[in-house]
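Letters A, B, ... mirror the listed sequences (proteins, then strands); counts begin at 1.
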Amino acid sequence: MKHVLKIFSLLLVISALWIGLLQASIMPQSHTWLLPIYFIVSLGCYGLLMVGVGLMRFPTCPQEALLLQQDIAEAKGFLKQSGVDVGCK
Amino acid sequence: MEQKNKYSIIIPTYNERLNIALIVYLIFKHLRGVDFEIIVVDDGSPDGTQEVVKQLQKLYGEDRVLLRPRPKKLGLGTAYIHGLKHASGNFVVIMDADLSHHPKYLLSFIKKQVETGASIVTGTRYVKGGGVHGWNLMRKLTSRGANVLAQTLLWPGVSDLTGSFRLYRKSVLEDVISSCVSKGYVFQMEMIVRASRKGYHIEEVPITFVDRVFGSSKLGGSEIVEYLKGLAYLLVTT
(Lines give C-alpha, C1' and ligand atoms only; values in the text may rest on other atoms or scores of the structure.)
Protein backbone atom coordinates (compact mmCIF):
# COMPACT_ATOMS: atom_id res chain seq x y z
CA MET A 1 0.00 0.00 0.00
CA LYS A 2 1.32 3.42 -0.88
CA HIS A 3 2.62 5.33 2.12
CA VAL A 4 0.27 8.27 1.64
CA LEU A 5 -2.66 5.86 1.81
CA LYS A 6 -1.36 4.56 5.14
CA ILE A 7 -1.33 8.09 6.55
CA PHE A 8 -4.79 8.70 5.09
CA SER A 9 -6.26 5.64 6.77
CA LEU A 10 -4.64 6.61 10.06
CA LEU A 11 -6.26 10.05 9.84
CA LEU A 12 -9.55 8.41 8.92
CA VAL A 13 -9.43 6.20 12.02
CA ILE A 14 -8.64 9.19 14.24
CA SER A 15 -11.50 11.18 12.67
CA ALA A 16 -13.89 8.28 13.21
CA LEU A 17 -12.87 8.12 16.87
CA TRP A 18 -13.43 11.87 17.17
CA ILE A 19 -16.89 11.70 15.61
CA GLY A 20 -17.67 8.75 17.85
CA LEU A 21 -16.71 10.81 20.89
CA LEU A 22 -18.90 13.67 19.69
CA GLN A 23 -21.93 11.43 19.40
CA ALA A 24 -21.36 9.43 22.58
CA SER A 25 -21.21 12.58 24.72
CA ILE A 26 -18.80 11.11 27.23
CA MET A 27 -17.21 14.52 27.65
CA PRO A 28 -18.72 18.01 27.25
CA GLN A 29 -19.36 18.88 23.58
CA SER A 30 -17.39 22.11 23.78
CA HIS A 31 -14.24 20.21 24.73
CA THR A 32 -14.72 17.50 22.14
CA TRP A 33 -14.92 20.05 19.32
CA LEU A 34 -11.54 21.38 20.29
CA LEU A 35 -9.79 17.99 20.34
CA PRO A 36 -8.41 18.22 16.78
CA ILE A 37 -6.80 21.55 17.66
CA TYR A 38 -5.22 20.05 20.76
CA PHE A 39 -3.98 17.16 18.65
CA ILE A 40 -2.35 19.37 16.03
CA VAL A 41 -0.79 21.64 18.64
CA SER A 42 0.66 18.71 20.58
CA LEU A 43 2.00 17.24 17.34
CA GLY A 44 3.68 20.57 16.63
CA CYS A 45 5.13 20.77 20.11
CA TYR A 46 6.39 17.22 19.88
CA GLY A 47 8.07 18.04 16.59
CA LEU A 48 9.76 21.12 18.06
CA LEU A 49 10.85 19.10 21.06
CA MET A 50 12.42 16.48 18.80
CA VAL A 51 14.27 19.17 16.87
CA GLY A 52 15.51 20.78 20.07
CA VAL A 53 16.61 17.54 21.69
CA GLY A 54 18.25 16.39 18.48
CA LEU A 55 20.08 19.68 18.17
CA MET A 56 21.40 19.45 21.73
CA ARG A 57 22.54 15.88 21.25
CA PHE A 58 23.87 16.40 17.72
CA PRO A 59 26.91 14.17 17.50
CA THR A 60 30.08 16.02 16.54
CA CYS A 61 33.54 14.71 15.87
CA PRO A 62 36.21 17.41 15.94
CA GLN A 63 38.94 14.81 16.38
CA GLU A 64 38.03 13.36 13.01
CA ALA A 65 39.21 16.51 11.27
CA LEU A 66 42.61 16.08 12.88
CA LEU A 67 42.78 12.40 11.99
CA LEU A 68 41.85 13.27 8.44
CA GLN A 69 44.70 15.78 8.20
CA GLN A 70 47.08 13.07 9.38
CA ASP A 71 45.71 10.63 6.83
CA ILE A 72 46.09 13.21 4.09
CA ALA A 73 49.72 13.84 5.02
CA GLU A 74 50.45 10.11 5.07
CA ALA A 75 48.74 9.60 1.72
CA LYS A 76 50.54 12.52 0.10
CA GLY A 77 53.89 11.19 1.29
CA PHE A 78 53.33 7.73 -0.13
CA LEU A 79 51.86 8.92 -3.40
CA LYS A 80 54.63 11.42 -4.08
CA GLN A 81 57.17 8.63 -3.65
CA SER A 82 55.22 6.39 -5.99
CA GLY A 83 55.13 8.91 -8.78
CA VAL A 84 51.56 10.13 -8.50
CA ASP A 85 51.07 13.85 -8.94
CA VAL A 86 49.77 15.28 -5.67
CA GLY A 87 51.12 18.78 -5.92
CA CYS A 88 49.58 22.20 -6.40
CA LYS A 89 46.35 22.33 -4.42
CA MET B 1 30.87 -21.97 3.54
CA GLU B 2 33.09 -19.18 2.26
CA GLN B 3 31.16 -16.65 0.27
CA LYS B 4 33.38 -14.92 -2.23
CA ASN B 5 32.25 -11.31 -2.28
CA LYS B 6 33.65 -8.65 -4.55
CA TYR B 7 33.01 -4.99 -3.87
CA SER B 8 32.75 -2.41 -6.64
CA ILE B 9 33.31 1.08 -5.24
CA ILE B 10 31.78 3.72 -7.48
CA ILE B 11 33.15 7.22 -7.01
CA PRO B 12 31.73 10.00 -9.20
CA THR B 13 34.25 12.81 -9.58
CA TYR B 14 34.37 16.35 -10.87
CA ASN B 15 37.54 18.35 -10.30
CA GLU B 16 38.94 16.11 -7.59
CA ARG B 17 42.48 15.64 -8.83
CA LEU B 18 44.00 15.64 -5.37
CA ASN B 19 41.21 14.00 -3.41
CA ILE B 20 40.84 11.07 -5.78
CA ALA B 21 44.48 10.09 -5.24
CA LEU B 22 44.11 10.41 -1.47
CA ILE B 23 40.92 8.42 -1.40
CA VAL B 24 42.32 5.61 -3.54
CA TYR B 25 45.35 5.36 -1.25
CA LEU B 26 43.12 5.21 1.84
CA ILE B 27 40.83 2.60 0.32
CA PHE B 28 43.78 0.35 -0.44
CA LYS B 29 45.11 0.95 3.06
CA HIS B 30 41.89 0.01 4.83
CA LEU B 31 40.67 -2.82 2.60
CA ARG B 32 43.67 -5.12 2.63
CA GLY B 33 42.60 -8.66 1.96
CA VAL B 34 39.28 -7.64 0.48
CA ASP B 35 38.43 -8.28 -3.16
CA PHE B 36 37.40 -4.91 -4.57
CA GLU B 37 37.65 -2.56 -7.50
CA ILE B 38 37.33 1.22 -7.65
CA ILE B 39 35.31 2.69 -10.51
CA VAL B 40 35.98 6.38 -11.05
CA VAL B 41 33.22 8.04 -13.05
CA ASP B 42 34.69 11.38 -14.01
CA ASP B 43 32.50 13.92 -15.78
CA GLY B 44 35.15 15.51 -17.98
CA SER B 45 37.02 17.35 -15.21
CA PRO B 46 39.09 20.20 -16.59
CA ASP B 47 41.59 20.04 -13.71
CA GLY B 48 43.33 16.85 -14.82
CA THR B 49 41.55 14.38 -12.53
CA GLN B 50 41.66 11.71 -15.22
CA GLU B 51 45.43 12.07 -15.63
CA VAL B 52 45.87 11.44 -11.91
CA VAL B 53 43.59 8.40 -12.11
CA LYS B 54 45.73 7.03 -14.94
CA GLN B 55 48.81 7.39 -12.70
CA LEU B 56 46.93 5.56 -9.95
CA GLN B 57 46.12 2.82 -12.43
CA LYS B 58 49.85 2.39 -13.12
CA LEU B 59 50.47 2.16 -9.40
CA TYR B 60 47.64 -0.10 -8.33
CA GLY B 61 46.67 -1.93 -11.51
CA GLU B 62 44.02 -1.32 -14.12
CA ASP B 63 41.98 -4.20 -12.79
CA ARG B 64 41.70 -2.52 -9.37
CA VAL B 65 41.30 1.11 -10.44
CA LEU B 66 38.91 1.59 -13.32
CA LEU B 67 38.45 4.87 -15.13
CA ARG B 68 35.10 5.14 -16.85
CA PRO B 69 34.71 8.83 -17.77
CA ARG B 70 31.88 10.76 -19.32
CA PRO B 71 32.13 13.81 -21.57
CA LYS B 72 30.57 16.33 -19.19
CA LYS B 73 28.58 16.81 -15.99
CA LEU B 74 25.59 14.57 -16.40
CA GLY B 75 24.29 14.17 -12.86
CA LEU B 76 24.78 11.82 -9.95
CA GLY B 77 22.09 9.26 -10.66
CA THR B 78 23.33 8.59 -14.17
CA ALA B 79 26.91 8.46 -12.84
CA TYR B 80 25.91 5.55 -10.63
CA ILE B 81 24.09 3.85 -13.49
CA HIS B 82 27.16 4.33 -15.68
CA GLY B 83 29.43 2.92 -12.97
CA LEU B 84 27.08 -0.02 -12.43
CA LYS B 85 27.45 -1.05 -16.06
CA HIS B 86 31.16 -1.62 -15.46
CA ALA B 87 30.91 -3.13 -11.99
CA SER B 88 32.03 -6.74 -11.75
CA GLY B 89 31.40 -7.15 -8.05
CA ASN B 90 28.28 -8.54 -6.42
CA PHE B 91 28.23 -5.60 -4.02
CA VAL B 92 28.44 -1.91 -4.84
CA VAL B 93 29.60 0.92 -2.60
CA ILE B 94 28.81 4.52 -3.38
CA MET B 95 30.74 7.31 -1.74
CA ASP B 96 31.80 10.93 -2.25
CA ALA B 97 35.18 11.80 -3.66
CA ASP B 98 35.91 14.78 -1.45
CA LEU B 99 36.98 12.81 1.63
CA SER B 100 33.89 13.76 3.64
CA HIS B 101 33.37 9.99 3.60
CA HIS B 102 36.38 8.26 5.08
CA PRO B 103 37.32 4.87 3.61
CA LYS B 104 38.09 3.53 7.06
CA TYR B 105 34.37 2.84 7.47
CA LEU B 106 34.25 0.50 4.49
CA LEU B 107 35.18 -2.50 6.62
CA SER B 108 32.35 -1.81 9.07
CA PHE B 109 29.90 -1.62 6.17
CA ILE B 110 31.15 -4.97 4.89
CA LYS B 111 31.11 -6.57 8.33
CA LYS B 112 27.59 -5.37 9.01
CA GLN B 113 26.36 -6.79 5.73
CA VAL B 114 27.99 -10.16 6.30
CA GLU B 115 26.66 -10.36 9.88
CA THR B 116 23.08 -9.47 9.01
CA GLY B 117 22.73 -10.51 5.39
CA ALA B 118 21.32 -7.07 4.65
CA SER B 119 20.69 -5.87 1.11
CA ILE B 120 21.70 -2.31 1.93
CA VAL B 121 24.00 -0.89 4.58
CA THR B 122 23.77 2.88 4.90
CA GLY B 123 26.04 5.17 6.85
CA THR B 124 24.37 7.45 9.36
CA ARG B 125 25.86 10.60 10.79
CA TYR B 126 23.13 11.13 13.34
CA VAL B 127 23.62 8.33 15.85
CA LYS B 128 26.05 7.75 18.68
CA GLY B 129 29.40 6.75 17.22
CA GLY B 130 28.76 8.88 14.20
CA GLY B 131 28.93 12.61 13.84
CA VAL B 132 29.58 15.68 11.80
CA HIS B 133 32.41 18.19 11.86
CA GLY B 134 32.39 21.58 10.19
CA TRP B 135 28.72 22.49 10.56
CA ASN B 136 27.65 25.65 12.35
CA LEU B 137 24.53 25.89 14.50
CA MET B 138 22.29 27.02 11.66
CA ARG B 139 23.35 24.13 9.50
CA LYS B 140 22.74 21.65 12.30
CA LEU B 141 19.33 23.18 12.97
CA THR B 142 18.19 22.86 9.38
CA SER B 143 19.56 19.35 9.19
CA ARG B 144 17.75 18.29 12.35
CA GLY B 145 14.53 20.05 11.36
CA ALA B 146 14.60 18.48 7.91
CA ASN B 147 15.22 15.08 9.45
CA VAL B 148 12.33 15.34 11.93
CA LEU B 149 9.99 16.43 9.16
CA ALA B 150 11.07 13.59 6.90
CA GLN B 151 10.77 11.03 9.70
CA THR B 152 7.26 12.24 10.61
CA LEU B 153 6.01 12.22 7.03
CA LEU B 154 7.79 9.28 5.48
CA TRP B 155 8.54 6.78 8.29
CA PRO B 156 11.60 5.74 6.31
CA GLY B 157 13.16 3.30 8.77
CA VAL B 158 16.59 4.91 8.60
CA SER B 159 17.97 7.77 10.64
CA ASP B 160 20.00 9.49 7.89
CA LEU B 161 18.02 9.98 4.70
CA THR B 162 20.30 12.23 2.71
CA GLY B 163 23.54 10.35 3.32
CA SER B 164 25.37 9.07 0.26
CA PHE B 165 27.82 6.62 1.82
CA ARG B 166 26.16 3.28 1.21
CA LEU B 167 26.75 -0.37 0.41
CA TYR B 168 24.22 -2.06 -1.84
CA ARG B 169 23.85 -5.60 -3.07
CA LYS B 170 24.35 -5.02 -6.79
CA SER B 171 21.00 -6.52 -7.84
CA VAL B 172 19.21 -4.36 -5.28
CA LEU B 173 20.89 -1.17 -6.48
CA GLU B 174 19.95 -1.96 -10.05
CA ASP B 175 16.36 -2.55 -9.02
CA VAL B 176 16.00 0.60 -6.91
CA ILE B 177 17.88 2.98 -9.18
CA SER B 178 15.67 2.16 -12.14
CA SER B 179 12.65 3.62 -10.36
CA CYS B 180 14.28 6.84 -9.08
CA VAL B 181 13.90 10.11 -10.93
CA SER B 182 15.00 12.84 -8.50
CA LYS B 183 18.19 14.86 -8.55
CA GLY B 184 20.82 15.75 -5.98
CA TYR B 185 20.28 14.84 -2.35
CA VAL B 186 16.58 14.17 -2.92
CA PHE B 187 17.84 11.38 -5.17
CA GLN B 188 19.62 9.81 -2.19
CA MET B 189 16.44 10.13 -0.16
CA GLU B 190 14.35 8.61 -2.92
CA MET B 191 16.73 5.65 -3.20
CA ILE B 192 16.55 4.70 0.44
CA VAL B 193 12.81 5.34 0.79
CA ARG B 194 12.00 3.25 -2.30
CA ALA B 195 14.27 0.49 -1.04
CA SER B 196 12.49 0.60 2.30
CA ARG B 197 9.06 0.46 0.63
CA LYS B 198 10.15 -2.52 -1.45
CA GLY B 199 10.94 -4.33 1.76
CA TYR B 200 14.69 -4.64 1.34
CA HIS B 201 16.66 -5.37 4.51
CA ILE B 202 18.46 -2.15 5.42
CA GLU B 203 21.05 -1.80 8.18
CA GLU B 204 22.83 1.30 9.47
CA VAL B 205 26.40 1.92 10.52
CA PRO B 206 27.60 5.09 12.30
CA ILE B 207 29.97 7.18 10.24
CA THR B 208 31.69 10.50 10.76
CA PHE B 209 31.36 13.22 8.18
CA VAL B 210 33.97 15.95 7.91
CA ASP B 211 32.49 18.71 5.77
CA ARG B 212 35.19 19.65 3.30
CA VAL B 213 33.32 22.44 1.65
CA PHE B 214 34.02 25.12 4.22
CA GLY B 215 31.41 27.82 4.43
CA SER B 216 29.75 27.17 1.14
CA SER B 217 26.90 25.03 2.43
CA LYS B 218 24.56 27.97 2.18
CA LEU B 219 21.11 26.61 2.79
CA GLY B 220 19.11 29.39 1.24
CA GLY B 221 15.40 29.62 0.60
CA SER B 222 15.59 27.81 -2.72
CA GLU B 223 17.33 24.77 -1.16
CA ILE B 224 14.61 24.55 1.46
CA VAL B 225 11.90 24.79 -1.19
CA GLU B 226 13.59 22.05 -3.22
CA TYR B 227 13.72 19.86 -0.16
CA LEU B 228 10.03 20.39 0.68
CA LYS B 229 9.08 19.67 -2.92
CA GLY B 230 11.16 16.50 -2.77
CA LEU B 231 9.47 15.43 0.45
CA ALA B 232 6.01 16.03 -0.99
CA TYR B 233 6.93 14.06 -4.10
CA LEU B 234 8.21 11.15 -2.02
CA LEU B 235 5.17 11.29 0.24
CA VAL B 236 2.82 10.87 -2.66
CA THR B 237 4.71 8.53 -4.95
CA THR B 238 6.35 5.98 -2.64
Side-chain angles (χ1 to χ4, degrees), chain A residues 1-15 35-89, chain B residues 17-19 21-26 28-29 47-48 51-56 58-60 99-100 102-104 124-135 137 140-141 143-149 151-156 193 196-197 206-212 234-238:
Chain A
M1 164 159 45
K2 279 239 182 304
H3 181 72
V4 67
L5 288 178
K6 259 193 231 159
I7 297 198
F8 227 57
S9 20
L10 194 65
L11 287 175
L12 215 66
V13 166
I14 296 180
S15 313
L35 273 180
I37 314 246
Y38 293 157
F39 176 67
I40 294 174
V41 170
S42 359
L43 202 64
C45 287
Y46 177 73
L48 285 172
L49 186 71
M50 287 288 101
V51 173
V53 168
L55 194 63
M56 279 197 305
R57 302 179 54 221
F58 207 108
T60 56
C61 49
Q63 73 282 3
E64 290 294 330
L66 267 168
L67 288 173
L68 184 61
Q69 291 310 312
Q70 289 173 350
D71 280 334
I72 291 177
E74 175 190 321
K76 274 192 178 165
F78 175 84
L79 290 166
K80 239 191 206 122
Q81 278 187 315
S82 320
V84 178
D85 182 10
V86 290
C88 56
K89 201 176 181 176
Chain B
R17 71 173 284 149
L18 176 58
N19 286 332
L22 302 175
I23 226 185
V24 167
Y25 169 81
L26 288 169
F28 274 92
K29 174 180 175 189
D47 74 342
E51 276 63 52
V52 175
V53 177
K54 294 203 183 104
Q55 291 171 4
L56 292 164
K58 271 208 212 91
L59 180 59
Y60 291 108
L99 283 176
S100 51
H102 198 298
K104 66 184 170 188
T124 169
R125 300 161 284 183
Y126 299 142
V127 302
K128 193 159 182 210
V132 175
H133 176 77
W135 281 6
L137 188 65
K140 286 184 198 165
L141 179 63
S143 160
R144 186 63 194 158
N147 200 269
V148 168
L149 192 60
Q151 295 287 340
T152 311
L153 289 178
L154 293 176
W155 313 349
V193 171
S196 176
R197 302 286 185 250
I207 57 164
T208 54
F209 181 94
V210 178
D211 201 330
R212 308 273 285 145
L234 287 177
L235 184 61
V236 173
T237 61
T238 60

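Contact of B:Val148 with chain A is made through the side chain alone, with heavy-atom distances under 4.5 Å. With a 4.5 angstrom heavy-atom cutoff, B:Phe28 does not touch chain A via any of its atoms. Heavy-atom distances place the side chain of B:Lys29, and not its backbone, under 4.5 Å from chain A. With a 4.5 Å cut-off on non-hydrogen atoms, A:Leu43 does not touch chain B at all. With a threshold of 4.5 angstrom between heavy atoms, B:Val24 does not approach chain A through any atom at all. Residue contact with chain A, scored on non-hydrogen atoms closer than 4.5 Å, involves the side chain of B:Lys104 exclusively.
Proximity of a side-chain donor or acceptor of A:His3 to a complementary backbone N or O of B:Leu153 within less than 3.5 Å is detected.
Closest heavy-atom contact between B:Thr208 and A:Cys61: CB-SG, 3.7 Å. Between B:Gly130 and A:Pro59, the shortest heavy-atom contact is O-CB, 3.4 Å. For B:Ala21 against A:Val84, the heavy-atom pair with the smallest separation is CB-CG1, 4.2 Å.
By the 4.5 Å heavy-atom criterion applied to side chains, A:Ile72 and B:Leu99 are counted as neighbours. Looking at B:Leu56 and A:Leu79, their side chains come closer than 4.5 Å, going by heavy atoms from C-beta outward. Side-chain contact between B:Lys140 and A:Thr60 is present, with heavy atoms from C-beta onward closer than 4.5 Å. The shortest distance between side-chain heavy atoms of B:Leu22 and A:Asp71 does not fall below 4.5 Å. Two residues are said to be in side-chain contact when any heavy atoms from C-beta on lie closer than 4.5 Å; B:Gln151 and A:Met50 fail this criterion.
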**Request:** Starting from the C-alpha separation in whole Å, work towards a yes-or-no answer on side-chain contact (heavy atoms from CB on, under 4.5 Å) for B:Leu137 and A:Leu55.
**Result:** CA-CA 8 Å; B:Leu137 188 65; A:Leu55 194 63; 4.2 Å; yes
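Here the NZ atom belonging to A:Lys6 is positioned 6.0 Å from the CZ atom belonging to B:Arg197, to the nearest 0.5 angstrom.
Taking A:Ser82 as the reference, A:Phe78, B:Leu59 meet the side chain to side chain contact (heavy atoms under 4.5 Å, CB included) condition, with sequence neighbours excluded. Annotation: side chain to side chain contact (heavy atoms under 4.5 Å, CB included) contacts of A:Ala65 (sequence neighbours excluded): B:His133, B:Val210.
Contact tally against chain A (heavy-atom pairs below 4.5 Å) for B:Leu234, B:Val193, B:Leu235: the top residue is B:Leu235.
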